[in-house]
Protein chains: 4
Amino acid sequence: MRPENKPTGQESGSFIERARRAQIIASAIEVIADQGFANASLARIAKHAGISKGVISYHFAGKDELMEQVVDQVYADIARYVLERMEGHKSATALLRTQITAVAQHMREHRSQVKALGEIFYNLRLPDGTPRYGVAASEELFQSLELIYRHGQESGEFRLFDVRVMAVSHTAAVDNMFAYWVTHPGHDLDAHARELADIFVHATRAEGALP
Amino acid sequence: MRPENKPTGQESGSFIERARRAQIIASAIEVIADQGFANASLARIAKHAGISKGVISYHFAGKDELMEQVVDQVYADIARYVLERMEGHKSATALLRTQITAVAQHMREHRSQVKALGEIFYNLRLPDGTPRYGVAASEELFQSLELIYRHGQESGEFRLFDVRVMAVSHTAAVDNMFAYWVTHPGHDLDAHARELADIFVHATRAEGALP
Amino acid sequence: MRPENKPTGQESGSFIERARRAQIIASAIEVIADQGFANASLARIAKHAGISKGVISYHFAGKDELMEQVVDQVYADIARYVLERMEGHKSATALLRTQITAVAQHMREHRSQVKALGEIFYNLRLPDGTPRYGVAASEELFQSLELIYRHGQESGEFRLFDVRVMAVSHTAAVDNMFAYWVTHPGHDLDAHARELADIFVHATRAEGALP
Amino acid sequence: MRPENKPTGQESGSFIERARRAQIIASAIEVIADQGFANASLARIAKHAGISKGVISYHFAGKDELMEQVVDQVYADIARYVLERMEGHKSATALLRTQITAVAQHMREHRSQVKALGEIFYNLRLPDGTPRYGVAASEELFQSLELIYRHGQESGEFRLFDVRVMAVSHTAAVDNMFAYWVTHPGHDLDAHARELADIFVHATRAEGALP
DNA sequence: CATGAATGAGGTTTCATTCAT
DNA sequence: AATGAATGAAACCTCATTCAT
């Protein structure tokens, strides 16, 4: 019997406990990234980790909890990585460029994690059949992007536009940059990111004021 | 035994044969749009169509072939719809706007089809676990968008940019417009499309030349 | 896909359908009577019937439905058997004696059925853990016995007593007669039944009026 | 390693050893009474006791031994309680009444214990699937009741009847009194017991000699 | 003396597919 | 051309038990 999860931010459980959970989460990420969500059975995840199937059930309440832990961890990693790199920048334009290029860097260094995140986001469903995450789950991300866009509009850097549509399109373009890179090995991710940043810089530019 | 499928574009089989296949494809679309790819078992599709499970196996080589037929049909519908509306326009800018708004109109009128298309695109896998359609499958779409963008660059309407990145981002933004609309009932799809067209018009604009 | 059960009294399904269901129910009865409820897995029931596990899932919504069908059938058999033999008797005393001896006869001829019924009654639980049947489920039986007892009190054959306590005790004594017989092969069930009838005849007798 | 259990009546092991075993037995009783035998996993029993699962394995050879210890303890409690109250009574009729009412009192005061006892009696099986306790296990109880009945027949208080059938029916009626009370909160257990005593007093009465 | 960790068997259920009719 | 019936694999989950520490 594993002690019930303490949903606090604080790490819980013994050292071994945490190590096993991390190992299982890592294995899940690799299997999902490699074989897709639908093929990522507990059996495969366990086999990939070199452990017995029961171990997963021992450390996680069920498959859903494991998936949610994967999402939580990967999402937190991305957010930390990107926010660190955005610190210090003042202008909305710089923030915008930095966000896109930082995400791209993180993707290049954590390809499997990001892929697994996307798979789970798209596929995990609640018992009633409705998506567990969905576009709705990106609300937090939308809002943080809207902060940048609104900041640019207020400072006069950006023209007036619907910040929600811009945020949704921004998110989509970044996500697909990743998907495109994954399926086109050899594609220059950093160049793509720079081009994408250019696109949104132009798209948001106040009339007659290109930098 | 059913005669093997002729993979030509030409309709094959008797009238009844074609009608049954169409009925099954329509049922599959509705079930997938409603319950998601993972919950769209042949049993559910058959039940929804009011027929026996065996009929599907009789008319399609397997589940995968059914899914591919759904994709083919829906994809062809979208292409026809959008191309019809683009005809007659000359300027790249007009073509760009029209493409985006026409897709949005089609989405509004064929919500289930588009949703099912997305589900299959994202979820269907080959036996070895790799995606059946990945971003790679959008190659045809990318190229047709690139035609527009290159046309604009040659006519001087558009600035110089990487047309592939622009096409990928364009596709992504349109896809997510749909996803956002699906999960946010009441969202104004047409307004979103107009804003999105504005975004790409600005993003592509030759310097100092806003219309 | 099996057509959903029509909960009407009318038999539903094709001939083969009904035959398979009957076969599976019979197999379940034998396995439960032989190995006990806890050991009566679907695998064992299927093996005993010489069919695949999946067949059971095909014909019954789940294990619980199978168990309930067993109860329904066995219970109806007993009721029919006993009521047939009680018909024509007028005096409460005769009805009482007949009920007990008829049940005993039925038990002797349908040992497995009765045993399985008891096992399911005692063990089957709802998803929330509460008993599916329980003493509460015997309410119908209690009330029919109370009719006899009240009839005897009104006719003056029986003394005054709490008919509910008498019915509960009666039910218990009959059930345990069966259980005792099951565990003591060679025990004379009919003699036991006659003795038991004597006990309740004496227990109910109006003072000073033994027949 | 724990020293093997000494199956003597004498308490064995250190103080801590005995305390732990008692604690575990008590927890098992509560869980079984609450959730039923089938849902009383070692995990749940351990959790309810606030200890680790391993402790149970340490102190008991296995689940079966734990169950048997529960039976032994509860059974001994009941016997002691009832026998104490029967002491001093001489007439068979008084002994009969006292036995029934004393058992009822004990039930009211030790509801969980009695419920757990019944669950285990009915459900525990030997590895080969046969019941560990069946009606056969009540032999001791039957014989002690038979002593009373034979005593009454010899003293002339009781009519002639088959003492085994009477004892079996008596046991059944008392057991079901408990089951009925458990499922009908608010039912008057003491009144039920008095009625039940009346029933057996009448059932055993020598003709023409009601007290 | 106690624990946390791990195991692997076995449970029910869902599913795509095959086949005789 | 269609159906109902059957299959067996694979999924997730629970559990009693074992073992190193």
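In what follows, chains are A, B, ... by sequence order, proteins preceding strands, each numbered from 1.
- The salt bridge (charged side-chain N to carboxylate O under 4.0 Å, His left out) test applied to Arg125(B) returns Glu119(A), not counting sequence neighbours.
- Along DNA chain F, the nucleotide nearest to Gly54(B) and the one nearest to Lys63(D) differ in position, and the one closer to the 5' end is contacted by Gly54(B).
- In this structure, Glu65(C) pairs ionically with Arg21(C), as a charged nitrogen and a carboxylate oxygen lie closer than 4.0 Å.
- Per the geometry, CZ belonging to Arg20(A) stands 22 Å off P belonging to dT3(E), to the nearest Å.
- Nucleotide dG4(E) holds its P atom 19 Å from the CD1 atom of Ile51(A), rounded to whole Å.
- Counting heavy atoms from C-beta on, the side chains of Asp64(B) and Arg132(B) never come closer than 4.5 Å.
- Seen from the ring of Phe37(C), Lys115(C) does not count as a face-on cation partner, given the 6.0 Å and 45° thresholds.
- In this structure, Glu17(A) places its CD atom 9 Å from C1' of dA5(E), rounding to the nearest Å.
- For the pair Ile56(B) CD1 and dA1(F) C1', the interatomic distance rounds to 15 Å; values are reported in whole Å.
- Residue Tyr58(B) places no side-chain N or O under 4.0 Å from the OP1 or OP2 atom of dA2(F).
- The separation between Leu66(C) atom CG and dT13(E) atom P is 10 Å, rounded to whole Å.
- Between Phe15(C) atom CZ and dG4(F) atom P the separation is 17 Å, expressed in whole Å.
- The phosphate of dA2(F) (OP1 or OP2) has no side-chain N or O of Ser52(B) nearer than 4.0 angstrom.
- Contact annotation: side chain of Lys53(B) to base of dT17(E), donor-acceptor pair present below 3.5 Å.
- Among all heavy-atom pairs drawn from Ala40(A) and Ile45(A), the shortest one is O-CD1, 4.0 Å.
- Residues Lys53(B) and Lys47(B) have side chains not in contact (no heavy-atom distance under 4.5 Å, counting atoms from C-beta outward).
- Base-pairing analysis of DNA chain F finds the following stems of at least three consecutive Watson-Crick or G-U pairs, with both pairing distances under 3.5 Å: E:2-21 with F:2-21.
- Distance CD1/Ile29(B) to CD/Gln73(B): 5.0 Å, rounded to 0.5 Å.
- Proximity of a side-chain donor or acceptor of Asp34(A) to a complementary backbone N or O of Glu30(A) within less than 3.5 Å is not detected.
- Contact between the side-chain N/O atoms of His59(C) and the OP1/OP2 oxygens of dA6(F) is found at a separation under 4.0 Å.
- Rounded to the nearest 0.5 Å, atoms CD1 (Ile120(C)) and CD (Gln69(C)) are 11.0 Å apart.
- A heavy atom lying under 4.0 Å from DNA chain F marks the following residues of residues 31-49 of chain A, by number: Ser41(A), Leu42(A), Arg44(A).
- We find that CZ of Phe60(A) is positioned 14 Å from C1' of dA5(E), with the value rounded to whole Å.
- Ranked by how close their nearest DNA chain E nucleotide is to the 5' end, Asp64(C) and Gly50(D) are led by Gly50(D).
- In this structure, Arg21(A) atom CZ and dG4(E) atom P are separated by 15 Å, rounded to whole Å.
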